[in-house]
Amino acid sequence: MIYQMISSLLHKADPELAHNLAIQFLKNDYLPLQLFQKKFSKKLEINILGKNFKHPVGLAAGFDKNAEIYNSIFKLGFSFAEVGTVTPLPQPGNPKPRVFRLSEDRSIINRLGFPSLGMKEVRSIIEKKTPKGVLGINIGPNKDSSSKIEDYLNCFENFCNLCNYICINISSPNTPNLRDLHEKDKIQELLVSIKNKQKQLHSQTKILLKISPDINDQNISELATILLDQKIDGVVLTNTSIHRSDNLLSSNKVEVGGLSGESLELISNTIIKKFYKILKNQIPIIGVGGVHDGQSALRKIKSGASLLQLYTALVYKGPNIVNKINEELIKLLELEGFESLQDAVGKDCVD
Ligand SMILES: Cc1cc2nc3c(=O)[nH]c(=O)nc-3n(C[C@H](O)[C@H](O)[C@H](O)COP(=O)(O)O)c2cc1C
């Protein structure tokens, strides 16, 4: 009841203001968050990235940009949380307004452009709060960086002993030229440098790469080959898209930026399937884009994802989203005759 009142007020407010209020709310522990922590069937457990996840649903990057609320996110029942994107130096991001709800489409367009407190400040925030769950840190370069590779290396060094994985974000559409890093030679150079840095620091932290949905088959095959060659630990598919389907209803569809939510689901699943066919079980896929209920979660898993992340569905459906997805997922797995979540991974990809 209280949640419904708060939620309807938040949905009337400017999206970025609503987000900031939600962050303050979670930071101050106003809700009896333990209510959201449920035990689920062992069928949802999955062993990946050297960890046993109780269920597949994690929080996608962008919600907790400055690592302020990850322990509340675990209390909401998420099995892992990815904070960031964090940049080396503090930066304000793009001018406001820069987040737009497409309510009719259960989608969002954002052009935030990595507003960040910067890696030093975020490090000191994390040092004060031991993570009570699996923590990933998503890193990216500053807008006016003179060397994007140096920026990633600095962030990697700053964070690698503080978290379970580092996610290298080359896929935001809102930082000029960032997505050029999907080109074969550039991504090769970046990943080799990161792996060297990892060796030099004797770091055990896993390395993940987050990829754009706006790539073609040649990009996919080149990227997959490089991921395998460099023995990258996981791939996050996908970030937001700059494409707009003809089916979008909201007048906000004209806004510039990255599209997320239900209208991203099909685009992201298509990319997941293409990668899964090449990567098979050698590199796990973390599937993100439009996960909002048990059906959409299972579609992503059957496309090839072993873990899931969401952001937009938390905005539209509220804090009970993880429990709802997992309850529905257990029923669907049984209905479709899968022994476990693991058993369903990639089942839509058999040729
Ligand atoms: C407002 C907003 C901000 C985001 N910021 C980031 C970010 O900083 N770094 C990043 O890798 N992805 C960011 N994302 C993308 C999400 O992590 C996710 O890939 C995308 O939203 C698709 O998932 P969804 O449909 O569940 O929202 C952002 C998404 C939204 C809606």
Side-chain angles (χ1 to χ4, degrees), residues 14-20 22-23 56-67 73 78 80-87 91 93-94 96-102 105-117 122 136-143 152 155 165-175 178-179 181 208-214 235-243 252 255 257-269 271-272 285-293 296-297 299-300 305 307-317 321-322 325:
D14 164 74
E16 200 172 342
L17 175 69
H19 179 81
N20 292 339
I23 295 279
V57 188
L59 180 74
F63 194 89
D64 186 14
K65 282 190 185 280
N66 293 309
I73 289 298
F78 285 92
F80 64 110
E82 188 172 311
V83 301
T85 298
V86 188
T87 55
Q91 63 175 29
N94 290 326
K96 295 178 184 174
R98 51 193 184 173
V99 183
F100 305 88
R101 284 191 206 104
L102 284 72
D105 308 293
R106 299 264 162 181
S107 296
I108 290 175
I109 292 175
N110 92 82
R111 51 170 179 268
L112 284 160
F114 294 165
S116 174
L117 292 178
V122 174
I137 303 181
N138 179 305
I139 59 172
N142 280 112
K143 185 180 177 185
Y152 287 108
C155 282
Y165 73 83
I166 297 276
C167 181
I168 299 166
N169 181 10
I170 57 165
S171 45
S172 164
N174 304 312
T175 294
L178 183 71
R179 301 195 313 168
L181 286 167
L208 275 54
L209 183 70
K210 184 163 179 180
I211 291 178
S212 162
D214 306 327
V235 56
V236 183
L237 301 172
T238 66
N239 212 316
T240 56
S241 174
I242 56 167
H243 289 301
N252 276 339
E255 294 295 340
L259 178 77
S260 61
E262 293 184 28
S263 41
L264 178 64
E265 188 196 338
L266 186 60
I267 310 175
S268 118
N269 290 359
I271 299 285
I272 291 173
I285 294 171
I286 291 89
V288 50
V291 175
H292 64 281
D293 60 9
S296 56
R299 282 195 288 272
K300 242 186 193 44
L307 287 175
L308 305 170
Q309 291 179 330
L310 61 83
Y311 181 148
T312 304
L314 181 58
V315 173
Y316 284 108
K317 297 204 161 175
I321 183 79
V322 179
I325 290 177

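Ligands are counted one by one from 1 in listed order, and the atoms in each one are counted from 1 as well.
A61 O, 3.4 Å is the protein heavy atom nearest to atom 16 (C) of ligand 1. Closest to atom 31 (C) of ligand 1, if we only count protein heavy atoms, is S260 OG, 3.4 Å. Looking from atom 1 (C) of ligand 1 to the surrounding protein, the closest heavy atom is Y311 OH, 3.4 Å. Atom 6 (C) of ligand 1 has G62 CA, 3.4 Å as its closest protein atom, hydrogens excluded (heavy atom only). The nearest protein atom to atom 8 (O) of ligand 1, hydrogens excluded, is given as K65 NZ, 2.7 Å; this is a heavy-atom distance. The protein heavy-atom contact nearest to atom 18 (C) of ligand 1 is V288 CG2, 3.7 Å.
Taking every heavy atom of both residues into account, V57 and I325 meet most closely at CG2-CG2, 4.0 Å. When every heavy atom of N174 is checked against every heavy atom of G257, the shortest pair comes out as OD1-CA, 3.6 Å. Across Y152 and N169, no two heavy atoms sit closer than the pair OH-O, 2.7 Å. Here the closest heavy-atom approach between residue P213 and residue L264 is recorded as CG-CD1, 4.2 Å. For the residue pair I286 and L208, the shortest heavy atom distance occurs at CD1-CD2, 3.7 Å. The shortest non-hydrogen separation linking L59 to L310 is CD1-O, 3.6 Å.
Within the 4.5 Å cutoff, the side chain of I168 has heavy atoms near those of the L209 side chain.
Within the 4.0 Å heavy-atom criterion, both parts of T312, backbone and side chain, lie near ligand 1. Only the side chain of L112 comes within contact range of ligand 1, with a heavy atom under 4.0 Å; no backbone atom does. At a heavy-atom cutoff of 4.0 Å, ligand 1 is contacted by the side chain of K210 but not by its backbone. Counting heavy atoms closer than 4.0 Å to ligand 1, residue N110 contributes side-chain atoms (C-beta onward) but none from N, CA, C or O.
In terms of polar-atom proximity, defined here as any N/O pair under 3.5 Å, T85 does make such a contact with ligand 1. Note: no N/O pair closer than 3.5 Å links E82 and ligand 1 by distance alone. Between Q309 and ligand 1, no pair of N/O atoms sits closer than 3.5 Å. Between I108 and ligand 1, a contact under 3.5 Å exists for no N or O pair. For ligand 1, one of its N or O atoms has an N or O atom of G261 under 3.5 Å away.
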Requested in this report: Go through the steps to decide whether K143 and T87 satisfy the test side-chain hydrogen bond (donor to acceptor under 3.5 Å, both in side chains), and finish with yes or no.
Outcome: CA-CA 9 Å; K143 185 180 177 185; T87 55; over 6 Å; no
Requested in this report: Show your working on side chain to side chain contact (heavy atoms under 4.5 Å, CB included) between S260 and Y311 and close with a plain yes or no.
Outcome: CA-CA 8 Å; S260 61; Y311 181 148; over 6 Å; no
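Counted by atom type alone, S212 and N239 present zero donor-acceptor pairs between their side chains at under 3.5 Å. No hydrogens or angles considered: nothing links the side chains of S263 and D105 as a donor-acceptor pair under 3.5 Å.
Taking every non-hydrogen atom of N138 and a distance limit under 4.0 Å, the qualifying atoms of ligand 1 come out as 10 (C), 11 (O). Near G289, meaning under 4.0 Å from one of its heavy atoms, ligand 1 places the atoms 22 (C), 23 (O), 25 (O). Near G290, meaning under 4.0 Å from any of its heavy atoms, are these atoms of ligand 1: 24 (P), 25 (O), 26 (O). Less than 4.0 angstrom separates some heavy atom of N169 from each of these atoms of ligand 1: 9 (N), 10 (C), 11 (O). If you number the atoms of ligand 1 from 1 as listed, the ones under 4.0 Å from a heavy atom of L310 come out as 26 (O).
Heavy atoms of V236 stay at 4.0 angstrom or farther from ligand 1. Ligand 1 lies nowhere less than 4.0 angstrom from a heavy atom belonging to S172.
Residues passing the side chain to side chain contact (heavy atoms under 4.5 Å, CB included) test with R106 are E262, Y316, K317, sequence neighbours excluded.
A side-chain donor-acceptor contact under 3.5 Å links N94 to the backbone of R111.
Evaluated for a side chain to side chain contact (heavy atoms under 4.5 Å, CB included) with T240, the options N110, V288, D214, I109 yield exactly one hit, N110.
Of the listed options L264, D64, N239, N239 places a heavy atom closest to atom 15 (C) of ligand 1.
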